[in-house]
Amino acid sequence: MCNVIVNKGNQKVVLVSEKGQVLLSLLQRNDLFIESPCGGRGTCGKCKVTILEGHENISYIDAVEKTYLSILEQKQGIRLACRVKVYGDIKIEINTKDQSKASVMIDGAIKTSIDSDYQRNVKKENIKLRIPSVSDQRSDVQRLEDGIGIDFKYIPKNVLSTLSEILRKSDYDISIAYSGDTLLGVEQGNTEKNNYGIALDIGTTTIAGYLININSGEQIDVYSSLNPQAAYGSDVISRCDFSIENSQGIKVLNQLILDEINSMIAYFVSNNGISRNNIYQLIVVGNTIMLHLLLALPVKNIALSPFIPVITKKYDTKAKQAGIAINPNGIISYLPCISGYVGADTVAAIVASEMYKTDDISLLIDIGTNGEIALGNRDKMICCSVAAGPAFEGAHIKNGVGGIEGAINKVYIDDDCRYQTIGGKQPIGVCGSGIVDGIAEMLDKGIIDNTGRIRSKEELEDKKGEKWIERIIQVDGKPAFLIERLEEQEIVLCQKDIREVQLAKSAIAAGINILINEMKIKLQDIKNVYLAGGFGNYIDHDNAVRIGIIPDPLKDRIIPIGNGAGVGAKIALLSHEHLMLTEELRRKIQYIELSSRMDFQEMFIDYISF
Ligand code: FES
């Protein structure tokens with residue numbers, strides 16, 4: 001056994017490692033999570049740690065590490081944790097992600113029109129019951145049912161056990177929480193207004209939760225954080241692989257997300273002085289794999305062709321059974337998914353956009369860690385999924401980062417290169433919108449040619465007078481564009497980054513085209529283009545069109561809807577009609593599988609160029 005001393009900020013932690021153990025898995029097992037978007041495959045170069053002591057007690061630096069670490073970094077003792085094996089005592093330093101700084105798209109840019117006219121899923125009413133007497137010997141339950149006018153089919157045992165005491169202590173003045181013919185809780189006195197629910201959007205990268213007063217429809221609080229499962233890979237496939245390769249994989253991923261949800265609930269409770277027993281429903285949306293992992297269901301068959309989920313229909317469980325710490329009788333509703341790769345988040349965004357309501361044909365594009373596209377109107381709706389997200393989330397980009405403080409989110413090139421960061425902080429890397437801007441500006445200046453190749457300084461001879469010409473440097477033997485040079489780091493857009501974005505944008509463009517062909521319509525027939533997700537909200541529309549994510553004729557029809565998935569979840573929480581609508585949409589929306597289609601492959605190649 002060996003000792004691994006880990007310095008993390010001001011903290012020092014001592015871990016015990018077996019000889020030959022991989023450093024990244026040792027850290028993860030001890031809940032010390034560092035960035036590892038590729039899930040430890042050695043393909044992202046992000047899992048950097050500094051070896052302070054004991055260099056002789058670890059494996060030699062290998063070819064993969066040499067690809068990702070500069071000479072300076074190697075001299076400073078920086079290594080990739082997923083490549084390092086521990087053979088003796090060492091001391092290391094790590095940077096863990098500060099979750100509180102996650103900048104998560106939590107707002108819906110569209111208005112939700114859910115007022116108190118809509119039937120709620122959970123109701124809470126105050127009633128005063130007649131006091132028993134020898135001439136009125138109805139049971140406590142009968143008295144309660146007669147008072148509220150409902151014959152409850154399900155009464156939880158814990159409610160039954162305390163009912164007689166509550167009735168007598170309150171002088172038969174009680175508040176009853178129920179959903180349909182299910183009794184959820186009984187309290188003394190008039191507590192009708194204490195009727196809360198949570199709408200939760202579990203993204204592959206980020207989580208956004210909304211505490212809502214169900215009676216008034218008012219949003220009380222918001223919680224956002226990074227999805228802790230990201231320690232096991234930035235995309236859904238890496239997480240599926242982790243769950244397949246490790247016998248405890250599903251359990252580990254399930255526990256991580258449950259812990260995060262319960263932290264959110266604890267935050268809501270303490271920040272708002274409410275009781276968790278008064279939170280009666282949690283509506284959850286997310287992609288199909290996120291929902292499977294929340295239910296601890298196997299995801300192997302979604303990952304492998306023919307991509308079959310265990311369940312896509314709306315599913316309800318009791319909170320206690322789900323391990324979620326709201327009222328134990330509360331309802332956890334998992335909204336329906338369309339297929340293995342079009343999830344409840346897309347269904348919720350469709351609800352939020354209201355594209356299902358009108359005769360106008362609308363296109364909805366949700367670019368998150370994956371890209372989902374839906375097209376249609378009240379009569380017909382089709383959808384598909386494309387592997388598009390990771391590049392726009394910064395995951396496969398050399399200096400890519402998510403939308404966190406310090407991320408470069410806007411890039412301009414005039415005589416020189418200028419940029420803006422989230423929170424105005426010192427730059428730490430480039431996020432999706434910055435990447436799109438950077439590439440669009442490089443195309444306009446001729447720094448990138450139409451094939452996506454970055455031109456060398458020599459080829460840009462005619463631009464010699466421009467200041468930015470000095471920003472063309474060499475990275476991995478190829479020209480790259482330097483956005484910023486810091487003391488310890490260069491922030492660049494390199495050739496590999498441009499190629500990643502080309503793959504992503506041509507997948508989206510080809511996906512849109514396939515749906516248009518399937519609907520037998522023309523591009524011009526599309527009246528609205530709803531852009532969902534944080535990325536859709538922050539990108540510059542002109543630049544998105546310039547690099548070919550969105551077809552030019554649709555430029556003026558773009559409507560950002562912010563976190564459409566979160567808005568849809570809130571609507572379903574407040575309106576029983578809309579909750580039922582999600583299930584109707586699941587049956588109605590047709591999924592188009594692109595992976596086996598030759599026409600998709602051909603279009604994909606056609607759209608690769610700028
Ligand atoms: Fe180590 Fe990706 S390279 S986790």
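For ligands, and for the atoms within them, numbers begin at 1 and follow the listed sequence.
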Identify, with sequence neighbours excluded, every residue that meets salt bridge (Lys or Arg N to Asp or Glu O under 4.0 Å) alongside D606. none

Does Y607 have any ring pair (Phe, Tyr, Trp, His ring centres under 6.0 Å) partners at least two apart in sequence or in another chain, and if so, which? none

Answer yes or no: is there a side-chain heavy-atom contact under 4.5 Å between F600 and N513?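 F600 does not reach N513 side chain to side chain.
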
Less than 4.5 Å apart, side chain to side chain, heavy atoms only: is that true for P228 and D259? no

I want to verify a count. Protein N, O or S atoms less than 2.8 Å away from atom 1 (Fe) of ligand 1, how many are there? 2

Pairs flagged by salt bridge (charged side-chain N to carboxylate O under 4.0 Å, His left out) wherever residues 41-50 is involved - sequence neighbours left out: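 Passing the test, one end in residues 41-50: R41-D241, R41-E245, K48-E73.
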
Classify the ring geometry of F242 against Y232: parallel below 30°, tilted from 30° to 60°, perpendicular beyond 60°.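 Aromatic pair F242/Y232 classed tilted.
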
